[in-house]
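Step one of this worksheet: look at the structure below.
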Amino acid sequence: MDFLAGLNPQQREAVQHVEGPLLILAGAGSGKTRVITRRICHLIRGHDVYGPSVLAVTFTNKAAGEMRERVLHLLGGQTADAGPAVSTFHSFCVRLLRRDGASLHELRRGFTTQFQIYDADDQLALVKSIYKRLGLDEKFMQYRAALSRISHAKNHQQTPQDFYKAAADPKMARLAKLFDDYENGLQAANALDFDDLLLWAVRLLRHDAETRELWNRRLQFLMIDEYQDTNRSQYELMRLLASPPHNVAVVGDEDQSIYGWRGADINNILDFEKDFPEARVIRLEQNYRSTRTIIEAAGAVVARNKARKGKWLFTENEEGSPVCFFEAPDGEQEAMFIASTIEKHRRQDPAARVAVLYRTNFQSRQIEEALRRYQIGYLVVGGFSFYQRAEVKDALAYVRLLLNPDDGVSLMRVLNVPARGIGKTTVEQLESRAASNRVSLWRAIESACDERKLGARAEASLGAFRRLINELREDLPSLAPQEVLSEILERTGYRKMLESDTTPDSETRLGNLEELVSAAADAHDRGESLVDFLDTTALVADADALDETAPVSLLTMHNAKGLEFPVVFIAGMEEGLFPHSRSRESEEQLEEERRLCYVAMTRAQKRLYLSAARVRRRYGGSPPEPCIRSRFLDEVPSGLLEDLHEKPRPGSLDLYSERASVRESARRNTYTGATYNSVDHIKQFFAARQAADVPVRKTAPAPKPAPSPAAAKPKSAPARRTGLSAGAAVYHAKYGRGTILRKEGDGDDAKLVISFHGFGLKKLVAKFAQLKTES
DNA sequence: CGCTATTCATTTTTT
DNA sequence: ATGAATAGCG
């Protein structure tokens, strides 16, 4: 196999580079993924490099999985064992810490390699509990703001002590205390947050020479993708891993740096040549993705930025259609424009994938609504992931509690779920007991019970809870991950709680738990331990849920990084929304917004639509406010932009006037395709996960256990076609007679919106509702 | 204690 | 419009 076939001279040069530092400045769509995969193959085949001594770092798990597969495919037939290591920074660090992190207990009290990972939810819960203890509320500072201050500090190697010293006013002093308590809270629970994963990996490699040397021997070649979005910790990790002769290749594009707000330092890429004066620099400036019009339009926008190396992307692709701009009267009609135009494209070319990009997640609602009216199936990437659902997090919190009873956040989460009579007063007593004895909440429960310091009722419920957890803990070693979960769901009464719940979505939640159990079983089959499984659940990214085959995807511009679509819409081109109002204060932030605009525009291969609304309401019922069109629109050369509103060209489709008639019929229509949160969708999500990152394990894969009943996959019963469609009269055991108004979803998991006489509207899952049709 | 009804404030982007 | 925090009732 010739790994150089079909490459241009610059790409070829990059692929053939072997020793020493390499900086690849790769413009959008210039084939960098291709270059990375080919270079890995070239090293392995052409230079007899041992596969696992190559580490490639990507931005998402999904990208990692795809890259690994492509390499293995290109190498053809070679076993997966000899393939390169490909992962995200975060999963690499988790692996490193779990394998070799034991010595960190010398630096961090209570650290063991069984540490837990606190995700955003857990961090929030921790901060809330600290607020409560310190008698603070959100008027002091919003939880999220406090967390982002803490994260920023950690990314810049600042400690609570630095904060105390620098505190000029009482507010800063309190923030320092908050930060201090937050760090102590993590330490007490032996938990690491996302920032810590990187930070402590760096500390480990600094502190433990043996481990560092081990990894330096093991890793001969390092490649880092999206280098423009690395932060300080990631940079230091690179320095520690890339020992002389510095076989490190970084790939990036300063024009696509969009994560400055979370600590990414654009100087990492700008200064690479200073860090490694011997570095070879290769520019990939030919774009193979987009039409010339799109490239020129996007290039003109980003050219307004001052902080850049100045690279000019060119393409030999066809000129293509103009970039279209549509200004709708309001947000709803903007969404309807998008939906109707998508429909038009899908009629012309059903295979063309479409993406709708927006700045903020909340914008998806209106667009979803419009797509449903047009009966266009779609996929929302991001917003909420499967693993963030309350019931899934509850179940996982039990698991974590079993692994580590001192994990206060997990304990608080499940202490009274399902309700077992442990109320506010009891919890407060326990909290103050824990605080004054300087022990974890779990120890406080133990001592309070043993010393009989509680009322009879509280003592009974706490005692029962304590016994339950201890029993489950004893069983833990003998159970496979999926069995642990089923035991928890049974013995804590969690499943029962949902089964006796009559609200419509309790069925969905039960279904989600089934999926969770079967995901654990799949993980077990792949040889993963319970801890591996927890890691996976903590490290899945929104973007990992992306499905290439989805005809229409809705996602933020940030999540669109690295992706491409034939047809792209960018919604909400308004000042305050994009560029976002919070970014208007400084020139740097504005430039980052502009880069985001560049990223978004260059996702498009053939057609690019920009849209805005003349008025938009901030919240649900607030009055519509007038909008000013985004400055970025005016930065697109007018010759490349076609304004659909003002001059519907004779001969070209008049999108605006047709919209009104389609809209009328769309109003009556209901959505019947897949919804983003349907069971089908979650299955797809897991199917996609299979291909992604599989953590390295120390032990051999456990033998596949006899399938336990609880681990059996939910069987898909044949869809019932019993005339359950809009307009049908039905009978429900509890609510009596009703009429079906709408049907959402299809087959097994269809949801019905039914108007019951005397009960109003109810949303029920068809397969569980036990409806009888009335003739 | 647990549930429901109400008020209230809330929208950047995320590994 | 939606969700989270709180008050007030059973």
Side-chain angles (χ1 to χ4, degrees), chain A residues 57-64 87-94 117-121 123-124 128 131-132 137-139 142-145 147-148 151 155 192-199 226 229-231 233-234 257-264 331-332 357-366 369 381-385 388 390 416-428 455 457-458 461 497 501 503 535 538-544 555-561 572 576-584 589 592-593 595-597 599-600 616-622 693:
Chain A
V57 181
T58 60
F59 212 66
T60 63
N61 294 301
K62 187 158 189 296
S87 73
T88 64
F89 266 113
H90 291 267
S91 36
F92 173 79
C93 291
V94 170
I117 302 171
Y118 270 14
D119 69 9
D121 263 14
Q123 290 177 290
L124 191 65
K128 280 183 186 169
Y131 265 58
K132 206 171 140 200
D137 60 34
E138 277 201 280
K139 274 179 234 123
Q142 293 198 341
Y143 300 131
R144 311 233 166 240
L147 274 167
S148 98
S151 170
N155 280 321
L192 302 181
D193 65 18
F194 287 128
D195 298 321
D196 284 333
L197 295 176
L198 305 172
L199 222 47
E226 308 284 6
D229 282 322
T230 50
N231 65 19
S233 307
Q234 290 164 331
S257 165
I258 55 176
Y259 283 104
W261 54 272
R262 72 167 201 212
E332 187 195 2
L357 309 182
Y358 35 79
R359 180 65 176 80
T360 60
N361 278 307
F362 85 97
Q363 288 171 267
S364 76
R365 282 183 203 283
Q366 260 181 340
E369 175 66 21
V381 178
F384 40 80
S385 95
Q388 284 169 336
N416 201 29
V417 182
R420 45 175 75 91
I422 302 168
K424 209 172 127 201
T425 8
T426 313
V427 170
E428 271 166 13
R457 236 166 88 184
S461 8
M497 170 186 80
D501 186 348
T503 55
D535 287 349
L539 293 177
V540 282
D542 287 341
D544 293 335
L555 60 166
T556 62
M557 301 180 204
H558 283 89
N559 267 326
K561 184 162 90 156
L577 237 194
F578 188 43
H580 197 271
S581 51
R582 301 270 251 265
S583 308
R584 263 185 306 195
Q589 287 182 318
E592 182 154 306
E593 295 283 294
R595 290 192 291 268
L596 186 58
C597 186
V599 169
R616 191 184 290 277
R617 46 182 99 223
R618 236 173 204 298
Y619 310 112
S622 62
D693 188 54

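Nothing here was measured: the structure is a model prediction, and the numbers come from that model. Every chain is numbered from 1, with letters handed out A, B, ... down the list of sequences.
- Not one side-chain nitrogen or oxygen of A:S583 sits closer than 4.0 Å to the OP1 or OP2 atom of B:dT13.
- A:W261 and A:H558 have perpendicular rings, their planes meeting at more than 60° on a 0 to 90° scale where under 30° would count as parallel.
- By the stacking rule of 5.5 Å between ring centres and under 30° between planes, A:H90 does not stack on the base of B:dT15.
- At a threshold of 4.0 angstrom between heavy atoms, the contacts of A:D195 with the nucleic acid are absent.
- Closest to the side chain of A:F194, out of B:dT15, B:dT12, C:dA5, is B:dT15.
- Not one N or O on the side chain of A:N361 forms a donor-acceptor pair closer than 3.5 Å with the backbone of A:G382.
- Distances from the side chain of A:T425 to the nucleotides B:dC1, B:dT12, B:dT14 place B:dC1 closest.
- Only one option out of A:R584, A:R359, A:R582 pairs with A:E593 in a side chain to side chain donor-acceptor pair (under 3.5 Å); it is A:R359.
- Straight-line distance from the CZ atom of A:R584 to the P atom of B:dT13: 16 Å, rounded to whole Å.
- Nearest nucleotide to the side chain of A:Y143, out of C:dA5, B:dT14, B:dT15: C:dA5.
- In this structure, A:N416 reaches the B:dG2 phosphate: one of its side-chain N or O atoms is under 4.0 Å from OP1 or OP2.
- Using a 4.0 Å heavy-atom criterion, one finds that A:K128 contacts the sugar-phosphate atoms exclusively.
- Side chain of A:D193 to backbone of A:D196: a donor-acceptor contact under 3.5 angstrom is found.
- A:Y259 comes within 4.0 angstrom of the backbone, heavy atoms only, and of no base.
- At distances below 3.5 Å, at least one donor-acceptor pair connects side-chain atoms of A:E138 with backbone N or O atoms of A:Y143.
- In this structure, the side chain of A:D544 engages the main chain of A:K62 through a donor-acceptor pair within 3.5 Å.
- Residue-level contact check: A:Q142 touches the backbone only, with heavy atoms under 4.0 Å from sugar-phosphate atoms and none from bases.
- Residue A:T426 places at least one side-chain N or O under 4.0 Å from the OP1 or OP2 atom of B:dC1.
- Along DNA chain B, the nucleotide nearest A:L596 and the nucleotide nearest A:R420 are compared for position; the residue whose nucleotide lies closer to the 5' end is A:R420.
- If you measure from atom CD of A:E226 to atom C1' of B:dT15, you get 13 Å, rounded to the nearest angstrom.
- Residue A:S581 is classed as having no contact, given no heavy-atom separation below 4.0 Å to the nucleic acid.
- Nucleotide C:dA4 holds its P atom 10 Å from the CG atom of A:D121, rounded to whole Å.
- Nucleotides B:dT13 and C:dA4, compared at atom P, are 15 Å apart to the nearest Å.
- Distance CG (A:N61) to P (B:dT14): 15 Å, rounded to an integer number of Å.
- Between A:W261 and B:dT12, no base-stacking contact is recorded for ring centres under 5.5 Å apart and planes less than 30° from parallel.
- Under 3.5 Å, the side chain of A:R359 and the base of B:dT13 form at least one donor-acceptor pair of N or O atoms.
- In this structure, CZ of A:R365 is placed 6 Å from P of C:dG3, rounded to the nearest angstrom.
- Summarising the geometry, the separation between CG on A:D196 and C1' on B:dT14 is reported as 16 Å, rounded to the nearest angstrom.
- The distance from atom CZ of A:R616 to atom P of C:dA1 is 16 Å, rounded to the nearest whole Å.
- Using a 4.0 Å cut-off, some side-chain N or O of A:N559 falls inside it from OP1 or OP2 of B:dT14.
- Listed nucleotides: B:dT12, B:dT15, B:dC1. Nearest to the side chain of A:R457: B:dC1.
- DNA chain B is contacted by both A:Q589 and A:Q123; A:Q589 maps to the nucleotide lying nearer its 5′ end (nearest heavy atom per residue).
- Backbone-only contact: A:N361 has heavy atoms under 4.0 Å from sugar-phosphate atoms and none from a base.
- To the nearest 0.5 angstrom, A:R365 atom CZ is 10.5 Å from A:Y358 atom OH.
- Atoms CG (A:L199) and P (B:dT15) sit 19 Å apart, rounded to a whole Å.
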